[in-house]
There are 4 protein chains.
Amino acid sequence: MSEGAVGRKRGRYAATDAKRESIVTAARAVFEREGLDGASLRAIAAEAGYTPAALYFHFDSKEALYAEVLGRSIAALQEAVDGAVAAAGTPADHFRAAALAFFDFYAANPRDLDLGFYLFRGGMRPHGLGRERDKALNDALEATLAPIRNAAQALGADPALADLIMTDAFAHASGVLLLAHTQRIRMFGTSPRALMERHVETELDRLLRR
Amino acid sequence: MSEGAVGRKRGRYAATDAKRESIVTAARAVFEREGLDGASLRAIAAEAGYTPAALYFHFDSKEALYAEVLGRSIAALQEAVDGAVAAAGTPADHFRAAALAFFDFYAANPRDLDLGFYLFRGGMRPHGLGRERDKALNDALEATLAPIRNAAQALGADPALADLIMTDAFAHASGVLLLAHTQRIRMFGTSPRALMERHVETELDRLLRR
Amino acid sequence: MSEGAVGRKRGRYAATDAKRESIVTAARAVFEREGLDGASLRAIAAEAGYTPAALYFHFDSKEALYAEVLGRSIAALQEAVDGAVAAAGTPADHFRAAALAFFDFYAANPRDLDLGFYLFRGGMRPHGLGRERDKALNDALEATLAPIRNAAQALGADPALADLIMTDAFAHASGVLLLAHTQRIRMFGTSPRALMERHVETELDRLLRR
Amino acid sequence: MSEGAVGRKRGRYAATDAKRESIVTAARAVFEREGLDGASLRAIAAEAGYTPAALYFHFDSKEALYAEVLGRSIAALQEAVDGAVAAAGTPADHFRAAALAFFDFYAANPRDLDLGFYLFRGGMRPHGLGRERDKALNDALEATLAPIRNAAQALGADPALADLIMTDAFAHASGVLLLAHTQRIRMFGTSPRALMERHVETELDRLLRR
DNA sequence: TATGAATGAGTATTCATTCAT
DNA sequence: TATGAATGAATACTCATTCAT
């Protein structure tokens, strides 16, 4: 649907779009191989079978390309979350579905996790995507979490509590994914997903007990 | 104590140590000013009043210097956690103290958080610190969390559960800190610490209810 | 009249000429905005509402376009000089008119001065306009000065002296314009035109005194 | 004496200075060969037998190198003018000496003329040397002309007139040199120097006649 | 006549690192 | 122990130009 439309230049011809596509694919491949920092324009161009200069016909800058890749990643996440929620029955299931779909998406696509964390890099200093793009992507990411909040409200939480629960779920998912992805901390046989489920069920308990 | 020993080359002369010290201090200052990515060896050398080449007498590489700074950061964290735990009374307080001291340390020292996350950067790929250094730092970081596990056990958790609880606390703290630090997600008036406290109290409830 | 003919390719269709015209206009606008060095083909094309590639149907190269713009500039100068001379009465007035019209044209149109100096750039080395174009433009520029020589002859100077006077007037005008245009040398309240008038009157004095 | 001191970094060792020297020499050579615009850092480095990066040890930037070369050129001009004036007897000779030495310097060293004109390039827009450097060089160039003004005053001109005469001499010299250097205008057997002498003698006549 | 796409050479500058002294 | 000097590889990006369509 709306995937990747951000930053498109003209997009009138299908041929053009196919090439954009191939560049974005190449970019993802390089990000995966070299890490986000190590992914230079020349490397991406080489991967795509182009000259660096050629990329500038399709993207205004390196950061525009980054933004496109990131945007698509978030769009795919949104789709995954929406799909899971749509398939869920009760409000409690909505909650589970939204939170776990978010988690599962990143657990299953670790390179998307890297991309997502890219947004967070460098402390609070802006890091090159540009104010507007940054905000757009941030908003898109936040939109991804809305189903969690909605489910919480459907389960009786007032708006403030629903926000808190959503934020907490996001934080927990991020933390667990970070640990799991980097294998920095031994998990002692516990699976990352079990950790996430534990958090979700605890929240549900609390909501239902009221 | 022996905190600075990681990566030390000879360490025979006090004078040498003082210089190492001044370089590490300079490095931290530059990290603070320019961020981790923006901190070049030349900048650190200049800050320390040296030539870039001079640093190589004290550190094998840029990454060795990073590792030293990181090591000290973790040592300071350890100290903070130990101090808080020592001052706590009941086992429940031990648990609170350990988890919140960890959180508070990073909340109060965002640059140390950047340093900590540096370890995690780049997914699972080796990222420059080197296998050995990496393991040493990882172990040091894990040691920092031991008081949480110990408190959980003192509260009746079996070893496996204690590990899980410790991991979960670590994950939650990491996630909340990430959000708070990067201000990427609006917190809607909820303070990050409240989020962390909520997690801690939930775990305590569960432990005490048994 | 035939001013635009230099470097024309086919010139069969009026439509084509109108487009050439619009490109030349765009080029002047960009020169004005960005300076001669900063004016890229792409910028000119964009200003004209074309693709860079499209310009190559109208001009063989960037330098050909430069040459066209320059040619028109010199044609406009010629017109200005001719007009001024035609309106002058006595031979002395002819002399004044020719020299000052030359000066005034460039004083009033600093961008044309930049264009004129472009011809002179880079010492004696060939600099991109190509031998033929270069010669044509040079001759056109020289033709612009003929009225000065003619007036000098009308005032009694022999051909050699008339040439010298013409050359000297050109040199003086160029020098004063250079100073005035670049504001590199403080003029201490003296107006550039006063400097030029001083030169002209001195020459006239000398001619009339004979 | 003071040649080239502008922009020096440390200059404690003779060896360093010799290398600076060789780079400046290489830069001059490249300027001569390729023109000022075509002179890239890499070209200069190659000419000097260095890697581009090596130049940055000796000069902060390309523009700093440009400025150094330009500064030396002006310093040499100053020396030439001072020497000529010192050797002159009467005030009238001072005037002749100052004006003609200026002219002769550039007539004899056309590449210095190119360098000098570089300062004037690009209309009034700043062109990269930076405000301070620009001003310093400009002042140095102006100082070069002071002997002309002083001689005019010694011959009875009031300060304002002396300034005007100095400016006029500069303008005339610039114009004639421009013509002669670029051979853009046929000189019809008249030598450029004759043109300059004519100007000088005219001014002297006027001054002495008072 | 015009375009979208692509190229290849070019730009200044930064970086961690090495080495003779 | 420290320095001055140098390197080679890398960076994102711009340019005039070409060519198939």
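The model shown is predicted, which means the values in this text are computed figures rather than measured ones. Letters go in sequence order (proteins before strands), and every chain restarts at 1.
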Between E:dT13, F:dA16, F:dT1, which nucleotide gets closest to the side-chain atoms of B:K19?
-> F:dT1
The nucleotide from F:dT17, F:dA12, E:dA16 with an atom nearest the side chain of C:P52 is F:dT17
Identify whether any heavy atom of A:T51 sits under 4.0 Å from a base atom; if not, whether one sits that close to sugar-phosphate; answer base, sugar-phosphate or nothing.
-> base
Whole-Å distance between E:dT18 C1' and B:D60 CG?
-> 14 Å
The nucleotide from E:dT13, E:dA2, F:dT17 with an atom nearest the side chain of D:Y56 is E:dT13
More 5' along DNA chain F: A:A43 or B:L55, using each one's nearest nucleotide?
-> B:L55
Are any of B:Y50's side-chain N or O atoms less than 4.0 Å away from OP1 or OP2 of F:dA2?
-> yes
Value in whole Å for how far the C1' atom of F:dT14 lies from CD of C:E34 = 14 Å
Residue of the set B:D112, B:L115, B:L36 for which side-chain contact (heavy atoms from CB on, under 4.5 Å) holds with B:V69 | B:L115
Side chain of B:A53 (C-beta onward), nearest among F:dA2, F:dG4, F:dA12 | F:dG4
Please figure out whether A:G49 or C:A54 has its closest DNA chain E nucleotide nearer the 5' end.
-> C:A54
Taking E:dT3, E:dT14, F:dA12 as options, the one with an atom nearest any side-chain atom of B:R42 is E:dT14
Could you check which nucleotide pairs with E:dC15 in any of the strands shown, counting Watson-Crick or G-U wobble with both distances under 3.5 Å?
-> F:dG8
Neighbour count above 12 (heavy atom, 6.0 Å) for C:E21 CD | yes
Which residues share a ring pair (Phe, Tyr, Trp, His ring centres under 6.0 Å) with A:Y50, sequence neighbours left out | none
Would you kindly give the CG-to-C1' distance between C:L41 and E:dA2, to the nearest whole Å?
-> 15 Å
C:D37 CG - F:dA16 P separation (whole Å) = 11 Å
Check ion pair D:R28-D:E32 (N to O, under 4.0 angstrom) | no
For C:D17 and E:dT1, what is the distance between atoms CG and C1' respectively, to the nearest whole Å?
-> 14 Å
Side-chain donor or acceptor of A:T51 paired with backbone N/O of A:A53 under 3.5 Å = no
D:F57 CZ to F:dG8 P, in whole Å, measures 17 Å
Rounded off to whole Å, could you give me the CD1-to-P distance for the B:I44 and E:dA16 pair?
-> 8 Å
Report the base-pairing partner of E:dA20 (Watson-Crick or G-U wobble, both distances below 3.5 angstrom), or none.
-> F:dT3
Atom pair CD1/CG of B:I74 and B:L137 - distance to nearest 0.5 Å = 5.0 Å
How close or far is atom P of E:dA12 from atom CG of D:L65, stated in whole angstroms?
-> 11 Å
Would you mind telling me which residue lines up with the more 5' stretch of DNA chain E, B:A39 or A:I23, judged by nearest nucleotide?
-> A:I23
Looking at C:H58, does any N or O in its side chain come under 4.0 Å of the phosphate oxygens OP1/OP2 on E:dA2?
-> yes
